Every structure is written in C-alpha cells, then in structure tokens.
Amino acid sequence: MALLRTVTAAALWGSVVSKALVTSVSRTIILDEIPFYLPAEPVLQLPSLINIDTGILPFTVLPPLGRGESIQALRDNWTAVDDVFNDGFLQAVLFQGPLSMLSQSTVSFLHEQDVTILTNNATSSLSVPTLHLPGLDSLAPGPYVLAPDATGKSAVYTPLRLHFDPSQSFFKSAARKSDGSFNVVSASLDTDSSPYIGVPSRIRDLNAKGPLAGVRVSVKDIYYLKGIAASAGNRAFYTTYGIRNVTGPAISRLVDLGAHIVGTTKTVQFANGDRATADWVDYHASFCPRADGNREPSGSSTGAGTSISTLDWLDISIGTDTGGSIRGPASSNGVYGIRPSVGAISLDDVVPLSPIMDTGGYMTRSPKLFSKFGKEWYAETFKTFPSFPKILLMSTDFDGVSRPAMTVYNDFVGKLQQFLGGNASGVSVTRDFSIPSLWNQTSGVGIPVQTFVNETYPTLIAFYQWTNVGKPLFDDYAALNGGRNPHINPQVKFRWEFGESQGLDGYNAELAKRETFENWTMSHFSRVRRVFICTREPTITHALLLGAQWDTRSINAGTYSSRETYFSGSPSIPFGFSSGRASSLARVPEVVVPIGQIPFNSTISGIEEQLPVSISLVASRNCDFMLLDLVDKLADAGIVRDVKTGRTAF
Ligand SMILES: *[C@@H]1O[C@H](CO)[C@@H](O)[C@H](O)[C@H]1NC(C)=O
Ligand SMILES: *[C@@H]1O[C@H](CO)[C@@H](O)[C@H](O)[C@H]1NC(C)=O
Ligand SMILES: *[C@@H]1O[C@H](CO)[C@@H](O)[C@H](O)[C@H]1NC(C)=O
Ligand SMILES: *[C@@H]1O[C@H](CO)[C@@H](O)[C@H](O)[C@H]1NC(C)=O
Ligand SMILES: *[C@@H]1O[C@H](CO)[C@@H](O)[C@H](O)[C@H]1NC(C)=O
Ligand SMILES: *[C@@H]1O[C@H](CO)[C@@H](O)[C@H](O)[C@H]1NC(C)=O
Ligand SMILES: *[C@@H]1O[C@H](CO)[C@@H](O)[C@H](O)[C@H]1NC(C)=O
Ligand SMILES: *[C@@H]1O[C@H](CO)[C@@H](O)[C@H](O)[C@H]1NC(C)=O
C-alpha cells in the first residue's frame with residue numbers, strides 16, 4: 001500500500017495583535033517517494049474534521065465505468081498519460097457512478113489492493129472499508145488529497161507533482177488561484193539553486209473543452225503575472241516593484257484557452273543582450289542540455305529555451321523576440337521557435353525593449369503543437385494565408401556553413417522544394433540571395449544597407465528601454481535606497497548609456513531609417529520578388545527566405561560557442577546588419593526549425609557529441625499562419641519531426 005513518508009508544512013501568519021492566526025497552509029508531501037505540493041487553497045472545504053489515522057489521505061475520483069471497463073485499465077491509461085497520478089492515490093476512491101454497476105474485476109481489485117471506498121452517504125453493499133464524506137460529488141475525475149485546512153477542518157486539495165529543474169531554467173514555480181491570480185509554489189525539498197516546479201494533473205483536462213486545455217506553459221520572467229513579482233533578470237527591479245497586480249493580455253488569453261502556467265523562466269537582463277558567462281552578473285544563466293551541456297544557451301529567452309529542451313513534462317515556453325531572443329535560444333537548444341509578425345499578440349504588461357520590434361513568441365519540441373498553439377494564441381490577429389510559397393531564396397548565410405551542416409541543409413531544401421510542388425511546378429530555389437546586393441540595386445538610398453541601418457537597432461532598443469524602463473528604475477530605486485543607483489549588468493548599462501547619448505533626435509532619425517527599410521521590403525519586394533508581402537489574394541505567390549544563422553555566431557548551423565568563454569574587452573553595442581536583423585527591422589515573422597544534427601568533439605566531455613542544426617524560414621508580413629501550417633504539413637510528410645529532451649535533439 002502507498003506510503004505517505006514525509007509531511008512538511010509552511011505557514012503564513014496573519015498579523016493579529018493578541019495571538020497569531022494561521023491564515024494559510026501549503027504543504028510538501030512525499031507519496032511513494034514522489035514529491036507533491038498541496039497549495040494553500042483547497043478545491044473543496046468539508047464542514048468538519050474527518051478523523052483518519054494518517055491525517056492526510058490521497059484519493060482518486062473515478063468516472064462512471066462503462067460495461068467492460070475496469071479500474072485496472074483506467075489506472076494503466078492514467079499512469080501513461082499523466083505524471084501526477086500514481087498508485088498512491090488509489091488507497092481510497094470515489095466512484096461517480098453507482099457502486100452496483102462495478103464489474104467483478106473492479107470489485108476484486110478493491111479487495112486485493114485494500115482500497116477504501118469514499119461515498120457521499122453511509123451505505124455500501126460492498127464488503128470493503130467505506131468512508132462517508134458528504135459533498136465530494138462535485139469533483140472531476142483525477143487525483144486529490146484530503147487534509148486539514150488552516151482552520152482545522154478537512155478539505156480537498158488538488159496536488160501538484162513537483163519536478164526538479166536540472167537546467168536551472170526557472171525563477172519560480174507558480175500556480176493559478178481560483179480568483180485568477182497566481183501563487184508561488186515553494187516546495188520544501190533539497191535543491192541546488194532552482195526551485196522545484198509544480199504541475200497539475202493532466203487527467204482533469206482529458207475532457208476539457210479549451211483548445212489548449214492541459215497545455216503546460218512556462219513564461220519568460222518579463223511577462224507580469226498578478227500575484228507574483230517579476231525580476232526581468234535584475235535584482236533591483238525585483239525588489240523595487242514587488243508583487244504585480246495585473247496579468248497581461250497575452251498570458252490571460254492562454255489561461256482562457258485552457259493552458260496551465262507553471263512558472264517563470266530566466267531571462268537575459270531586461271531581455272537585452274547578455275552572454276552567459278561574461279554578463280550574467282546579477283543572476284546565473286541556465287544550462288543548455290544539448291551536446292556536452294556547456295554550450296552558450298543564447299538569449300534573451302534563455303530559460304525558455306533551456307526549459308523546453310530539458311523537461312519532457314513541459315509543452316510550451318513563452319518568450320519574446322526583438323533582435324533574436326527566441327531565434328537564438330531555439331537554435332542553441334534545437335527546438336521549434338517563432339518570432340511572429342509585430343502585433344501578433346499584445347505585449348501590454350510585459351517589460352518592453354523596443355515596442356516597434358518586440359514580439360511575443362514561443363518554443364516547443366513538437367511541430368504539430370508548434371502549429372496548433374500559434375494558431376490559437378494569434379487567432380485574433382491572423383485568419384488565413386493565400387498559399388505556400390513558390391520561391392525559395394537561400395541567403396548568403398549558407399556560404400560560411402560547414403560541410404556536414406551543408407549536407408543537412410541541402411537535404412532539407414531538396415525535400416522542401418519537392419513538398420512545395422517540385423521543380424516541374426515551378427518551385428524554384430535561388431542560392432546566394434543577398435539582401436545587401438538587392439538593396440544596392442533597388443532601394444535608391446545610395447548607401448549600403450549595412451551602413452544605412454548600422455545604428456538603427458541599437459539606438460531603437462537602447463534609447464527606448466533607457467527612457468521607459470531604465471530611467472524610471474533608477475529614480476524609483478534611488479527613492480527607496482537613500483539616493484543609490486541600482487546594479488545593472490555591464491552589457492545593459494553600456495547599451496543604456498549609448499541610448500541616452502543618442503537622444504530623442506537620434507532616436508527619431510533611426511525610427512525613420514527603420515521605416516525606410518520596412519517600406520523597401522514591403523513595396524519593392526512585393527513588386528520585384530514578392531518576398532515579404534503576405535497578400536490576401538489567393539492567386540499571388542510569394543517567397544520564403546531561408547537562413548542558416550540568426551547572428552554572426554551562426555548558432556543555427558551547429559557551430560559551438562562555449563559558456564566558458566570570457567568575452568574580452570568592454571561590453572558591445574549591437575551595430576550592423578544581418579539577415580536575422582532583417583526580420584526585426586522589417587517586423588516580419590521568422591521560424592526556427594530543427595532539421596538535423598552534426599557531430600563535434602567536446603573538450604569538456606571528451607567524447608563526440610551531437611549539435612543540432614536548424615534552419616530559419618522568413619516570410620512576408622502577417623504570413624505567420626503560412627509558416628505554422630507549413631511546419632505542420634512538413635511534419636505530416638515526415639520531413640520534420642518531434643525533438644527529444646536532453647543531450648541530443650534527434
Ligand atoms: C488513454 O485513453 C484515451 C481515451 O480514453 C485514449 O485516447 C488514449 O490513447 C489512452 N492512452 C493510453 C496511453 O493508453
Ligand atoms: C449512496 O451514494 C452512491 C454514490 O456514491 C449511490 O450510488 C447510492 O445510491 C447512494 N445510496 C443511498 C442510499 O443514497
Ligand atoms: C496596479 O498598480 C499600479 C501601480 O501601483 C496602479 O497604477 C494600477 O492602477 C493598479 N492596477 C490595478 C488593476 O489594480
Ligand atoms: C530543376 O531541376 C533541374 C534538374 O534536376 C535542375 O538542373 C534545375 O536547376 C532545377 N531548377 C530549379 C528552378 O530548381
Ligand atoms: C553595395 O554598394 C557599395 C557601394 O555603394 C559597395 O561597396 C558594396 O560592395 C555593394 N554591396 C553589395 C552586396 O553589392
Ligand atoms: C557601425 O557603427 C560603428 C560605431 O559607430 C562603426 O565602428 C562601424 O564601422 C559601423 N559599421 C558600418 C558598416 O557602418
Ligand atoms: C513608409 O510608407 C508609408 C506608407 O506608404 C508612408 O506613409 C511613410 O511616409 C513611409 N516612410 C518612409 C520613411 O519612407
Ligand atoms: C572526433 O575525434 C575522433 C578521434 O580523433 C575522430 O575520429 C573524429 O572524426 C572526430 N569527430 C569530429 C566531428 O571532429
């Protein structure tokens with residue numbers, strides 16, 4: 001029989017002058033060696049204390065079992081689909097159907113396993129132990145725990161399974177309360193530096209209606225959740241602003257669609273530009289599990305990337321992407337990632353970097369879920385798309401790619417071309433497509449694009465964030481700390497100083513340059529190359545830009561960048577232009593798709609490891625659903641597939 005080994009309790013004390021009052025109790029329990037968390041808030045309060053020997057009783061509510069259905073088969077199914085339910089919860093059961101309908105094999109099971117039957121009334125014709133518990137009939141099928149509440153009466157709790165976070169991806173574990181706000185899940189268990197993460201049973205979602213019912217989601221620690229504090233990767237920000245009083249619309253929408261928010265993940269400070277070892281001074285960067293486990297995790301959605309590549313019980317990681325903050329981690333971790341068109345989802349109540357380029361995106365391991373999730377989350381912005389592209393433009397990024405990686409790319413591009421209709425139907429592949437060269441020929445600006453937009457991205461992010469986040473933080477922190485300045489990571493501080501030095505005039509000049517670039521992509525490409533416009537005319541074809549890198553480190557193409565590297569010299573301003581920068585400036589969607597892996601010899605592990613190879617697909621503005629559908633159909637065709645957690649993606 002199941003063993004309830006340890007019970008620990010944490011209490012919040014109310015402030016009553018004469019005597020302290022326990023207002024809330026949350027507990028960590030260990031059932032058959034597996035840790036669970038009982039939130040402070042019960043799902044059901046009973047009128048009195050039920051006297052049971054153990055004080056705490058795990059139990060299961062079972063749905064009506066149809067003819068031929070047995071408790072054993074249901075147990076096997078639930079054990080397979082859910083990481084919360086286990087045999088420990090079968091020491092007591094409540095049947096939603098009449099006991100008289102139970103099959104002989106179920107009755108035998110109850111006898112053999114010494115199961116206690118819970119009933120709403122005192123009578124049971126079965127000769128098994130019975131506990132009378134009025135009021136339990138409102139509970140949906142799944143695992144529960146009966147335990148005393150803060151007032152000393154019995155109550156029913158929905159246990160959260162506690163999972164270790166080996167890649168240190170999370171800042172905190174969170175669970176939603178009945179009033180819609182969030183609570184921190186704070187387990188009392190031995191852990192190195194990351195919290196244990198509590199997840200709800202998947203059983204209660206098996207028959208739920210929401211399109212994202214039961215999807216478990218981690219959230220980058222720059223999205224505000226009502227009831228818990230956000231750090232944005234900065235300790236001063238965390239203590240200055242404290243508990244948030246509102247959940248932003250992007251996350252509220254996910255909750256409405258049925259998703260479960262399980263916690264907040266680590267972010268590069270202010271979603272700006274820290275590298276793991278050089279710049280994460282305030283907090284420590286999470287770990288990328290791929291290959292030797294020592295690769296730069298990339299950022300800024302760092303914990304988002306490492307959580308989804310490490311934890312098989314997690315389905316989706318929410319991040320943001322301004323200049324590569326999802327594309328970089330998606331590449332580094334070998335998972336699916338999207339930077340959608342700007343405006344795909346509201347970023348109200350999210351720490352901004354540059355609203356004109358900021359996007360709310362996500363990462364996942366499954367191409368099918370990748371498609372389904374985005375089509376639900378962005379459903380109020382996008383409806384449909386005209387057709388799959390007929391023109392594939394391979395950027396000059398591929399010139400510098402290693403031979404093994406190029407083999408992976410050529411194989412994929414060949415299959416993609418076949419999938420889109422093949423050579424005979426006019427689907428073409430243009431190699432060595434160069435944005436700088438086309439800009440020279442067609443923009444009429446008379447200045448190379450690398451020079452024209454050289455300072456655009458750094459000025460837009462640095463001036464905006466300094467003015468709207470940095471300056472207010474300095475003021476608010478000083479007011480609370482005797483005029484002191486907060487500590488800011490060196491990279492962010494350097495960039496903010498650059499932003500401030502550009503001034504409003506400098507900012508406005510760069511805003512105009514960005515618009516010139518976007519206008520060029522919108523108008524010129526649509527006429528000449530039909531690249532960037534997602535037209536609503538179903539007959540017009542458009543092209544897809546394929547990329548092998550999102551920045552100069554070309555993480556996509558399986559090159560290795562170690563988190564051990566100490567970057568020399570002072571922090572840097574992200575000047576320049578690259579094909580990854582193009583989607584930021586033009587505000588178009590880009591997805592990163594893992595397509596293979598290549599070997600490399602690690603000086604750390606001392607053996608040959610595998611690094612993921614990914615490809616970037618850039619489409620026209622608002623063609624997000626085309627990209628998502630393309631990935632979905634490529635999965636159906638077996639051209640892309642699920643990636644695994646851990647050392648290797650495939
Ligand atoms: C569990 O049951 C559901 C429907 O009752 C079924 O769709 C699913 O495939 C089963 N899963 C396993 C692992 O048996
Ligand atoms: C007792 O409750 C069970 C369901 O838990 C029901 O099947 C049975 O009819 C009830 N008996 C009486 C006497 O109310
Ligand atoms: C949340 O707090 C802010 C800052 O204190 C305040 O301006 C705002 O009105 C509050 N919003 C809600 C919904 O309470
Ligand atoms: C079509 O296929 C032929 C032969 O395989 C190849 O030489 C040619 O480059 C292809 N054309 C395009 C547009 O891909
Ligand atoms: C663009 O034109 C400049 C001269 O204005 C030239 O130096 C540069 O090489 C050209 N770039 C490309 C990619 O053709
Ligand atoms: C971009 O600006 C930086 C700083 O002013 C400068 O060092 C660099 O040469 C510039 N690059 C181009 C291509 O203009
Ligand atoms: C970009 O295009 C819009 C719409 O045609 C126009 O209003 C705007 O002035 C253009 N901006 C620049 C910088 O050319
Ligand atoms: C790794 O080292 C072994 C032994 O020297 C060598 O045979 C192999 O080709 C190397 N692999 C790579 C990817 O360099």
Side-chain angles (χ1 to χ4, degrees), residues 327 331 336 338 367 385-442 521 524-535 538-550 554 556-558 578-583 586 588-598 612-621 623-641:
R327 291 167 284 164
S331 307
Y336 294 83
I338 180 169
F385 63 93
S387 62
F388 284 142
K390 295 285 184 202
I391 304 168
L392 301 178
L393 303 172
M394 290 179 76
S395 80
T396 46
D397 293 351
F398 290 96
D399 295 351
V401 163
S402 72
R403 195 184 291 264
M406 205 58 222
T407 305
V408 176
Y409 285 124
N410 284 333
D411 179 58
F412 175 80
V413 173
K415 286 177 180 163
L416 178 61
Q417 186 185 13
Q418 270 326 111
F419 172 82
L420 292 172
N423 200 335
S425 72
V427 174
S428 68
V429 178
T430 301
R431 291 182 184 256
D432 284 323
F433 173 75
S434 159
I435 292 177
S437 162
L438 190 64
W439 168 273
N440 269 4
Q441 294 159 27
T442 62
T521 62
H524 196 84
F525 274 50
S526 70
R527 248 185 304 122
V528 179
R529 295 280 194 156
R530 294 191 173 134
V531 179
F532 282 119
I533 302 292
C534 198
T535 167
T539 54
I540 292 183
T541 60
H542 49 265
L544 200 57
L545 177 66
L546 311 182
Q549 64 175 30
W550 71 275
S554 69
N556 266 358
S578 63
S579 51
R581 198 49 67 75
S583 22
V588 300
E590 176 169 348
V591 296
V592 171
V593 178
I595 56 172
Q597 58 192 11
I598 56 172
V613 175
S614 310
I615 193 162
S616 283
L617 309 179
V618 181
S620 312
R621 183 76 162 280
C623 289
D624 301 57
F625 281 11
M626 183 277 283
L627 288 173
L628 294 174
D629 259 31
L630 179 60
V631 171
D632 183 85
K633 299 290 184 297
L634 289 175
D636 289 342
I639 298 170
V640 300
R641 56 198 165 103

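Note that the structure is a prediction, hence the values are computed from the model and not measured.
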Exercise. With sequence neighbours left out, what residues match Asn410 under side-chain hydrogen bond (donor to acceptor under 3.5 Å, both in side chains)?
Worked result: Arg431
Exercise. About how many Å separate CG of Leu393 and CG of Asp432, when rounded to the nearest 0.5 Å?
Worked result: 11.5 Å
For this session: Please answer whether the main-chain N or O of Gly580 pairs with a side-chain N or O of Arg327 as donor and acceptor at a distance below 3.5 Å.
Result: yes
Seminar exercise, completed: The complete set of salt bridge (charged side-chain N to carboxylate O under 4.0 Å, His left out) pairs with one or both residues in residues 411-429, sequence neighbours excluded, reads Asp411-Lys415
For this session: Can you label the angle between the Phe388 ring and the Phe419 ring as parallel, tilted or perpendicular, going by 30° and 60°?
Result: tilted
Seminar exercise, completed: On a heavy-atom basis, the closest approach of Ala557 and Ala405 is O-CB, 3.5 Å
Problem set entry | CA sep, side-chain torsions, deciding dist, call: Ile639, Phe412, side-chain contact (heavy atoms from CB on, under 4.5 Å) | CA-CA 8 Å; Ile639 298 170; Phe412 175 80; 3.9 Å; yes
For this session: Using the test side chain to side chain contact (heavy atoms under 4.5 Å, CB included), find all partners of Val408 that sit at least two apart in sequence or belong to another chain.
Result: Ile595, Ile598, Val613
Problem set entry | Exercise: identify the closest heavy-atom pair between Met626 and Ala619 | CE-CB, 3.7 Å
For this session: State, yes or no, whether a side-chain contact exists between Tyr336 and Val593 at a heavy-atom distance under 4.5 Å.
Result: yes
For this session: Find out whether Ser616 and Asn556 are in side-chain contact, i.e. whether some heavy atom of one side chain is under 4.5 Å from a heavy atom of the other.
Result: yes
Seminar exercise, completed: One should read off an interatomic distance between Lys633 NZ and Leu628 CG, to the nearest 0.5 angstrom, of 10.5 Å
Exercise. Which residues pass the side-chain hydrogen bond (donor to acceptor under 3.5 Å, both in side chains) test with Asp636, sequence neighbours left out?
Worked result: Lys368
Problem set entry | Polar side-chain atom of Tyr409 near backbone of Ser614 as donor-acceptor pair, under 3.5 Å | yes
Seminar exercise, completed: Taken to the nearest 0.5 Å, the spacing of Ile391 CD1 from Leu420 CG works out to 11.5 Å
Problem set entry | Minimum side-chain heavy-atom gap Phe398-Ile615 below 4.5 Å | yes
Exercise. Could you state the interatomic distance from CG (Leu617) to CG (Leu416), rounded to the nearest 0.5 Å?
Worked result: 7.0 Å
Seminar exercise, completed: Applying side chain to side chain contact (heavy atoms under 4.5 Å, CB included) to Pro436 and not counting sequence neighbours gives Ser434, Val449, Gln450, Phe577
Problem set entry | side-chain hydrogen bond (donor to acceptor under 3.5 Å, both in side chains) partners for Ser437, two or more places apart | Gln441
